S.K.: 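Below you will find the structure I want to go over with you.
All ligand and atom numbering here is 1-based and tracks the order in the structure. Given the structure is predicted, the values throughout are model-derived calculations rather than measurements.
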Amino acid sequence: MENKEIGLEFSIKSGALDKQRSACVVVGVFENRKLTGSAVAIDQASGGYLAGILRGGDMDGKAGSTLLLHTVPDILADRVLLIGLGKERDFQEKTYRDAVQTTLRTLRDTGSTEAVIALTEVPLKQRDVTWNVTQAVIAAHEALYRFDTLKSKPAETRRPLKRVVFAVAKRGELKAAETGLARGLAIAHGMTLAKNLGNLPSNICTPDYLASTARKMAKTYGFGCEILDYAACDKLGMGSFLSVGKGSDKPPRFIVLKHQGGPKQQKPVVLVGKAITFDSGGISIKPAPDMDEMNYDMSGGGAVMGAFRAMGELGLKLNVIGLIPSCENMPDAAANKPGDIVTSMSGQTIEILNTDAEGRLILCDALTYAERFEPDAVIDLATLTGACVIALGAHPSALFSNHDPLARDIEQAADTAWDRVWRMPLWDDYQEQLKSSLADMANIGGRPGGSITAACFLSRFAKKYHWAHLDIAGVAYKGGRDKGSTGRPVSLLVHYLLQRARP
Ligand code: BES
Ligand code: MN
Ligand code: ZN
């Protein structure tokens, strides 16, 4: 299955929009009829036409409102699309991103083939032009993404939007805007890959499918790539990882990706992503409702692949390793049974009291494997616990770390990426809940603080380096009408890596 892009061409321009030839020029309007920069220019050139429309009450500037105008006098553009931005005082990141998404959806539905969007010139507190353009490109992809490769007849758009130009106010801002464009495209493409992998059902997206996707990507961008099969993992002593896949007929794969963008002696960042291609729960089987969603349980691995795609496109000057343990969690005669005890690659033994707590069982061996790279930092990503969704809902990823500076760097990247995290405690007090009478530890710690005890379990395998864990169970996909994979937290990861790659 090829991963399909949204088929749009993006570019940047600067200067006044009243003399812009275009099928559609898009400008922002705040509440109380306050026009943004380019809207003022168009209003003046058209002899106060926009002000007149607003005074007439056709558009109130409320966030989410739109008004499409044809034949505005003395303007070279065929149409002018007004986008409501809400109260100027309340204008912030979310309103900005929402406005860009509204714009793209409106343009798609009105059949414009090409447009110049001036929302990128509207300033936000503490954000620069690069940020505005990066986020606009990501939001545009967000708005137009569709996953219809599995329908026998994909819906055809009547006159699909082909070209989008983002406008900035001054010529001097062009370079910063181009940087934002390149970043936004790389991140959006990485997110699209993560979304496509997440949305594919488990009968297509198997561990082997992920492995061949990684191999293809490695070839395109010149990454190193190693795929460890059952025998190779067995030789390494990955008893915990291998135990999870035993109930499935799909063989496990341990995927290793290497991006050598920095100097040889530079210690790498290691990204570890949970990739359970289907989580039935195993013998501790899950209830039937919503079990279909468990094909998203490879989203951590998908996000690592997405981040690699972005790194490849950007030619990121940093050494990064990606580790993706992948298998399927199924009930079967050969499957793990409650009470089974396995030996992890670290030598620590684990009593499997619940076969549905399988994510930590595959991650722990990947965390031990990470030691061989003498990493500067290790970040793992996993749809690890339902408890995380109960604690934080769908908005932030839960962040756990054994190193405060690393946690702060991730918090900062998350804020810039607008792919937010919320720090959770990793106190020793919780470790007690993992006591086992027969093995070194149990794989579950009871219901209280379920996402924390899961992180505590992982921390026992991450003692030799600076480590952070992101529980993405709440953010990786959304249910309901717009059901599907979100591509999070690819943007956070890429922003974190960009932050580090800066001299
Ligand atoms: N993949 C699930 C976590 C999950 C649940 C993600 C719901 C997204 C939505 C994970 O493998 C799991 O089953 N965790 C168990 C752990 C429990 C048995 C300690 C859970 O959260 O119920
Ligand atoms: Mn599970
Ligand atoms: Zn799982």
Side-chain angles (χ1 to χ4, degrees), residues 198-199 202 205 207 210 240-241 243-248 250 252 272-303 324-331 335-340 350-364 366 380-398 400 424 430 433-436 441-458 469-480 483-486 488-489:
N199 286 332
S202 68
C205 183
L210 288 176
S240 185
F241 166 51
S243 77
V244 175
K246 281 188 313 183
S248 167
K250 318 264 189 319
V272 180
K274 168 181 173 182
I276 295 289
T277 55
F278 190 76
D279 182 11
S280 69
I283 298 295
S284 314
I285 197 161
K286 288 180 181 294
D290 299 331
M291 201 207 267
D292 60 289
E293 290 179 358
M294 280 300 132
N295 64 312
Y296 293 111
D297 212 21
M298 39 54 68
S299 295
I324 305 172
S326 181
C327 63
E328 196 179 51
N329 187 22
M330 294 291 281
N336 276 332
K337 298 176 294 297
D340 284 1
I350 304 161
E351 185 180 14
I352 302 175
L353 290 176
N354 189 319
T355 65
D356 197 11
E358 85 297 338
R360 60 199 85 181
L361 295 175
I362 74 170
L363 289 170
C364 69
D380 80 68
L381 324 155
T383 46
L384 201 62
T385 64
C388 176
V389 191
I390 301 302
L392 295 177
H395 305 296
S397 304
F400 300 86
M424 302 273 277
Y430 292 96
Q433 289 173 240
L434 293 170
K435 270 202 182 120
S436 156
M441 69 194 88
N443 77 328
I444 52 170
R447 279 166 61 81
S451 71
I452 304 170
T453 51
C456 284
F457 179 97
L458 297 178
H469 157 62
L470 291 167
D471 194 329
I472 60 170
V475 305
Y477 67 94
K478 50 185 181 219
K483 160 177 150 133
S485 179
T486 60
R488 287 181 69 183

S.K.: Is the closest heavy-atom distance from Met298 to ligand 1 below 4.0 Å?
M.R.: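 Heavy atoms of Met298 never come under 4.0 Å of ligand 1.
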S.K.: Tell me which protein heavy atom sits closest to atom 14 (N) of ligand 1, plus the residue, atom name and distance to 0.1 Å.
M.R.: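 Answer for atom 14 (N) of ligand 1: Leu384 O, 3.4 Å.
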S.K.: Salt bridge between Asp297 and Lys274, side-chain N to carboxylate O under 4.0 Å?
M.R.: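 Yes.
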S.K.: What protein heavy atom sits nearest atom 12 (C) of ligand 1, and how far off is it?
M.R.: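 Nearest protein contact, heavy atoms only, for atom 12 (C) of ligand 1 is Asp356 O, 3.2 Å.
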S.K.: Is there a donor-acceptor contact under 3.5 Å linking the side chains of Asn199 and Ser485?
M.R.: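 Ser485 and Asn199 do not have a side-chain donor-acceptor pair below 3.5 Å.
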S.K.: For atom 7 (C) of ligand 1, what is the closest protein heavy atom, and at what distance to 0.1 Å?
M.R.: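 Going by distance alone, atom 7 (C) of ligand 1 is nearest to Met294 CE, 3.6 Å.
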S.K.: Consider ligand 1: state whether an atom of it lies below 4.0 angstrom from any non-hydrogen atom of Tyr477.
M.R.: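 The answer is yes, since Tyr477 has a heavy atom less than 4.0 Å from ligand 1.
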S.K.: So which of the N, O or S atoms of Glu358 lies nearest the Mn ion (ligand 2)?
M.R.: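 Atom name of the closest N, O or S in Glu358: OE1.
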S.K.: Could you check whether any heavy atom of Lys286 sits closer than 4.0 Å to an atom of ligand 1, since that is the contact criterion I want to use?
M.R.: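 Lys286 counts as a contact of ligand 1 under the 4.0 Å cut-off.
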S.K.: Gly450 and Thr385: which non-hydrogen atoms are nearest, and at how many Å?
M.R.: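 Here Gly450 and Thr385 meet closest at O-CG2, 3.8 Å.
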S.K.: Taking the N/O/S atoms of Asp279 one by one, which is nearest to the Mn ion (ligand 2)?
M.R.: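 In Asp279, the N, O or S atom with the shortest distance to the Mn ion (ligand 2) is OD2.
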S.K.: From the options Ala382, Gly281, Gly282, Gly386, select the one whose nearest heavy atom is closest to atom 5 (C) of ligand 1.
M.R.: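 Looking at heavy atoms only, Gly386 sits closest to atom 5 (C) of ligand 1.
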S.K.: Measure the spacing between CZ of Arg360 and OG of Ser240 and express it to the nearest 0.5 Å.
M.R.: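 Rounded to the nearest 0.5 Å, the CZ-OG separation comes out at 11.0 Å.
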S.K.: Could you tell me whether Lys483 and Asp292 make a salt bridge, using a distance below 4.0 angstrom between a side-chain N and a carboxylate O?
M.R.: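 Between Asp292 and Lys483 there is a salt bridge, with a charged N closer than 4.0 Å to a carboxylate O.
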S.K.: Side-chain contact, heavy-atom cut-off 4.5 Å: Glu358 with Asn336?
M.R.: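 Glu358 vs Asn336: side chains apart.
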S.K.: Taking all non-hydrogen atoms of both residues, which atom of Ile362 and which atom of Ala275 are closest, and how far apart?
M.R.: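 Heavy atoms only, the tightest pair is CD1-N, 4.0 Å.
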S.K.: Do Arg447 side-chain atoms and Ala387 backbone N/O form a donor-acceptor pair below 3.5 Å?
M.R.: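 Not confirmed, Arg447 side chain does not pair with Ala387 backbone.
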S.K.: Would you call Ile276 and Cys327 a side-chain contact if the rule is heavy atoms closer than 4.5 Å?
M.R.: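 Yes - at least one pair of side-chain heavy atoms lies under 4.5 Å apart.
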S.K.: Any N/O/S atom, backbone or side chain, of Asp297 lying under 2.8 Å from the Mn ion (ligand 2)?
M.R.: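 It does not; every qualifying atom lies at 2.8 Å or beyond.
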S.K.: Under 4.5 Å between any side-chain heavy atoms of Ile350 and Phe457, yes or no?
M.R.: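 In contact.
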S.K.: Regarding Asp356, does it place an N, O or S atom less than 2.8 Å from the Zn ion (ligand 3)?
M.R.: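 It does not; every qualifying atom lies at 2.8 Å or beyond.
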S.K.: For the CD1 atom of Ile352 and the OG atom of Ser243, what is their distance to the nearest 0.5 Å?
M.R.: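 These two atoms lie 4.0 Å from each other.
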S.K.: Would you indicate whether the side-chain heavy atoms of Phe278 and Met291 approach each other to under 4.5 Å?
M.R.: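 They are in contact (side-chain heavy atoms under 4.5 Å apart), so the answer is yes.
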S.K.: Using only N, O or S atoms, tell me which atom of Asp279 is closest to the Zn ion (ligand 3).
M.R.: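 Looking at Asp279, the N, O or S atom with the least distance to the Zn ion (ligand 3) is OD2.
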S.K.: Quick one: nearest non-hydrogen protein atom to atom 19 (C) of ligand 1, plus distance?
M.R.: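 Checking every protein heavy atom, the shortest distance to atom 19 (C) of ligand 1 gives Ile444 CG2, 3.4 Å.
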S.K.: Specify which N/O/S atom of Asp297 comes nearest to the Zn ion (ligand 3), by atom name.
M.R.: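 Atom name returned: OD2.
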S.K.: Could you tell me whether ligand 1 has any atom less than 4.0 Å away from a heavy atom of Lys274?
M.R.: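 Distance cut 4.0 Å: Lys274 passes for ligand 1.
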S.K.: Closer than 4.0 Å to some heavy atom of Ala473 - which atoms of ligand 1 meet that?
M.R.: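 Result: 6 (C), 8 (C).
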S.K.: Strictly inside 4.0 angstrom of atom 22 (O) of ligand 1, do you find any protein heavy atom?
M.R.: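 Protein heavy atom within 4.0 Å of atom 22 (O) of ligand 1: absent.
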S.K.: Measuring from atom SG of Cys205 to atom CG of Leu210, what distance do you get when rounded to the nearest 0.5 angstrom?
M.R.: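 Going from SG on Cys205 over to CG on Leu210, the span is 4.0 Å.
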S.K.: Looking only at protein heavy atoms, which one is nearest to atom 2 (C) of ligand 1, and how far off is it?
M.R.: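 In this structure, atom 2 (C) of ligand 1 has Asp279 OD2, 3.5 Å as its nearest protein heavy atom.
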S.K.: Do you see an N/O/S atom of Lys274, backbone or side chain, under 2.8 Å from the Zn ion (ligand 3)?
M.R.: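 It does: Lys274 brings an N, O or S atom closer than 2.8 Å to the Zn ion (ligand 3).
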S.K.: For the OG1 atom of Thr355 and the NZ atom of Lys286, what is their distance to the nearest 0.5 Å?
M.R.: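 It comes to 9.5 Å.
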S.K.: Considering heavy atoms of the protein only, find what lies nearest to atom 18 (C) of ligand 1 and give residue, atom and distance to 0.1 Å.
M.R.: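 Residue, atom and distance for the closest contact: Asn354 ND2, 3.5 Å.
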S.K.: Could you check which N/O/S atom of Glu358 is closest to the Zn ion (ligand 3)?
M.R.: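 Sorting the N, O and S atoms of Glu358 by distance to the Zn ion (ligand 3) puts OE2 first.
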S.K.: For atom 16 (C) of ligand 1, grab the closest protein heavy atom and report residue, atom and distance to one decimal in Å.
M.R.: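 Here the nearest protein heavy atom works out to Arg360 NH2, 3.9 Å.
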S.K.: Please tell me if the side chains of Met294 and Asn329 come closer than 4.5 Å, counting only heavy atoms from C-beta onward.
M.R.: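 The answer is no; the side chains never approach within 4.5 Å.
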S.K.: Note the single closest protein heavy atom to atom 1 (N) of ligand 1, along with its residue, its atom name and the distance in Å.
M.R.: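 Its nearest protein heavy-atom neighbour is Asp297 OD1, 2.8 Å.
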S.K.: Short list, please: which atoms of ligand 1 are under 4.0 Å from a heavy atom of Thr383?
M.R.: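 This gives 1 (N), 2 (C), 3 (C), 6 (C) as the contact atoms.
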S.K.: Numbering the atoms of ligand 1 from 1, which are under 4.0 Å from a heavy atom of Glu358?
M.R.: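 Selected atoms, number and element: 11 (O).
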